[in-house]
Number of protein chains: 2
Amino acid sequence: MVLLSDTRTNAGLDRISTYKKMYTFEVPGERVMVLMTSGNLSVTQTTMARLQDAIDDPDATEDTSILKAKSMLKVCQMVGAVLADVSAEITQKLERNSQATASASLIMAGQRRGGEMRLFMIYPEGNFIEATPDTPFLQIGEHKYGKPILDRVVTPKTTLSDAQKAVLLSMDSTLRSNLSVGMPLDLTVIKADACCVDEYRRIESGDEVFAEMSAAWSKALRDAFSDVVI
Amino acid sequence: MVLLSDTRTNAGLDRISTYKKMYTFEVPGERVMVLMTSGNLSVTQTTMARLQDAIDDPDATEDTSILKAKSMLKVCQMVGAVLADVSAEITQKLERNSQATASASLIMAGQRRGGEMRLFMIYPEGNFIEATPDTPFLQIGEHKYGKPILDRVVTPKTTLSDAQKAVLLSMDSTLRSNLSVGMPLDLTVIKADACCVDEYRRIESGDEVFAEMSAAWSKALRDAFSDVVI
């Protein structure tokens with residue numbers, strides 16, 4: 001599995017900040033889970049804090065800690081429940097002063113030893129859906145600009161290397177078209193049955209490899225555009 | 001100028017219909033104007049009906065009929081005022097029974113003899129913006145999927161032929177990624193200073209030229225994807 005997130009958070013155009021949106025939970029060989037966030041920052045930070053508190057609790061059980069849960073499905077139920085509670089609490093606070101609501105969506109990817117590698121999208125209300133062979137990728141946040149390239153190239157047979165290229169080119173299109181998405185990027189690769197992070201890379205705005213790939217893709221797209229006859 | 005619209009209108013997934021979203025007003029040699037719509041169908045139909053009634057009125061003046069208005073700017077002011085009135089009236093009706101609001105956005109493109117060829121986007125509130133050399137294209141409706149290709153290839157120097165290719169490929173990406181956009185398509189080309197429609201084409205869902213172009217673009221994109229090295 002290949003996971004990619006940007007780091008831009010904005011509250012209006014003049015309050016732009018960099019926050020990591022990718023969190024990794026790992027017990028190498030036993031389980032690896034990567035959680036990615038989009039939406040209201042106070043919701044996602046509070047959700048992450050509660051999940052971490054539950055992990056750190058000396059009395060943690062398989063029903064409270066996502067590091068002890070028996071399956072990825074159970075993990076998603078726990079994360080979804082925390083997310084829905086936090087959204088409801090923060091929205092209640094906001095509604096005292098305004099009509100605003102606060103919500104967030106999450107992607108949870110991972111594997112527990114003995115189980116399958118699984119990929120879920122968790123909705124603000126806490127319910128979730130899973131990726132399948134018919135729908136081999138999931139996106140949250142500002143997803144439309146980068147969807148066409150994923151629609152065209154990603155299948156269940158896509159190699160990890162091609163999948164990395166696809167998500168980076170998808171993000172490149174989004175970065176060009178929308179100011180609410182920004183570098184640096186976080187890229188994580190997980191290999192099936194390893195139950196650990198195979199590769200993690202932070203791609204900074206000056207990254208030469210990314211810049212070269214972006215320029216090569218621009219050129220390839222323009223050439224492809226020239227080649228098509230109408 | 002090259003103008004392209006789809007024809008799909010939906011009120012929920014099980015009420016999908018085909019409605020033309022492109023309206024042409026032409027006095028060949030004197031003026032040509034193309035109006036494209038997105039948003040609530042009752043708002044756009046009522047807006048179009050009022051504009052047409054004003055044109056047909058035997059007492060029409062340059063202040064009431066967009067076919068007599070002295071400039072494209074004046075045309076946009078008139079259209080924007082009608083749009084804002086209609087949106088407000090329909091929203092008022094809706095609010096008696098629900099929280100729903102109704103709005104629409106328009107693109108107005110055209111030229112009047114002696115004036116410049118101009119391209120405007122009219123917002124639901126009736127205000128509008130104009131395309132410039134820095135922003136040589138405008139989009140309304142489901143625009144995000146198709147924006148990356150336009151961002152990469154459209155400049156003020158793009159030929160009419162390349163511009164046709166660009167808008168068709170942009171629409172092709174959107175058609176693949178979003179069910180709310182559907183064939184047939186309407187394509188209109190206007191040449192500067194001709195003050196008439198140079199070409200109008202309806203592209204039906206079985207159109208062979210469009211299907212070939214779409215297949216060629218898919219292949220070119222996949223080849224381009226293979227060529228890029230990370």
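In the text below, chain A, chain B and the rest are named by the order of the sequence lines, each starting its count at 1. None of the values given here were measured: they were computed from a predicted structure.
- For A:Val228, the parts lying near chain B are the backbone and the side chain together; criterion is any non-hydrogen pair under 4.5 Å.
- Taking a 6.0 Å sphere around CD of B:Glu199, one finds it holds more than 12 heavy atoms contributed by other residues, nucleotides or ligands.
- Remark: A:Leu179 CG is loosely packed, at most 12 non-hydrogen atoms of other residues, nucleotides or ligands lying under 6.0 Å away.
- By the neighbour-count criterion of 12 heavy atoms within 6.0 Å, atom CD of B:Gln92 is sparsely surrounded, having that number or fewer from other residues, nucleotides or ligands.
- Comparing B:Val209, B:Leu221, B:Leu169, B:Asp227 by heavy-atom pairs within less than 4.5 Å of chain A, the highest count is held by B:Leu221.
- Counting non-hydrogen atoms of neighbouring residues, nucleotides and ligands closer than 6.0 angstrom, the NZ atom of A:Lys20 exceeds 12 such neighbours.
- For the options B:Ser173, B:Ser161, B:Gly146, B:Ala216, heavy-atom pairs under 4.5 Å to chain A are most numerous at B:Ser173.
- In terms of non-hydrogen atom pairs under 4.5 Å with chain A, the most contact-rich of B:Ala220, B:Ala224, B:Ser226 is B:Ala224.
- Summarising the local packing, CD of B:Glu204 is surrounded by more than 12 heavy atoms from other residues, nucleotides or ligands at distances under 6.0 Å.
- One distance of note links OG of A:Ser177 with CD1 of B:Ile149; it measures 10.5 Å at 0.5 Å rounding.
- Within the 4.5 angstrom heavy-atom criterion, no atom of A:Thr174 approaches chain B.
- Heavy atoms of A:Glu142 lying under 4.5 Å from chain B belong exclusively to its side chain.
- Of the atoms belonging to A:Asp223, not a single heavy atom falls under 4.5 Å from chain B.
- A:Ile129 CD1: more than 12 foreign heavy atoms inside a 6.0 Å radius.
- The two residues A:Phe225 and B:Trp217 come nearest to each other via the heavy atoms N-CZ3, 3.6 Å.
- Between chain A and the options B:His143, B:Arg152, B:Met213, B:Lys147, heavy-atom pairs under 4.5 Å are most frequent for B:Arg152.
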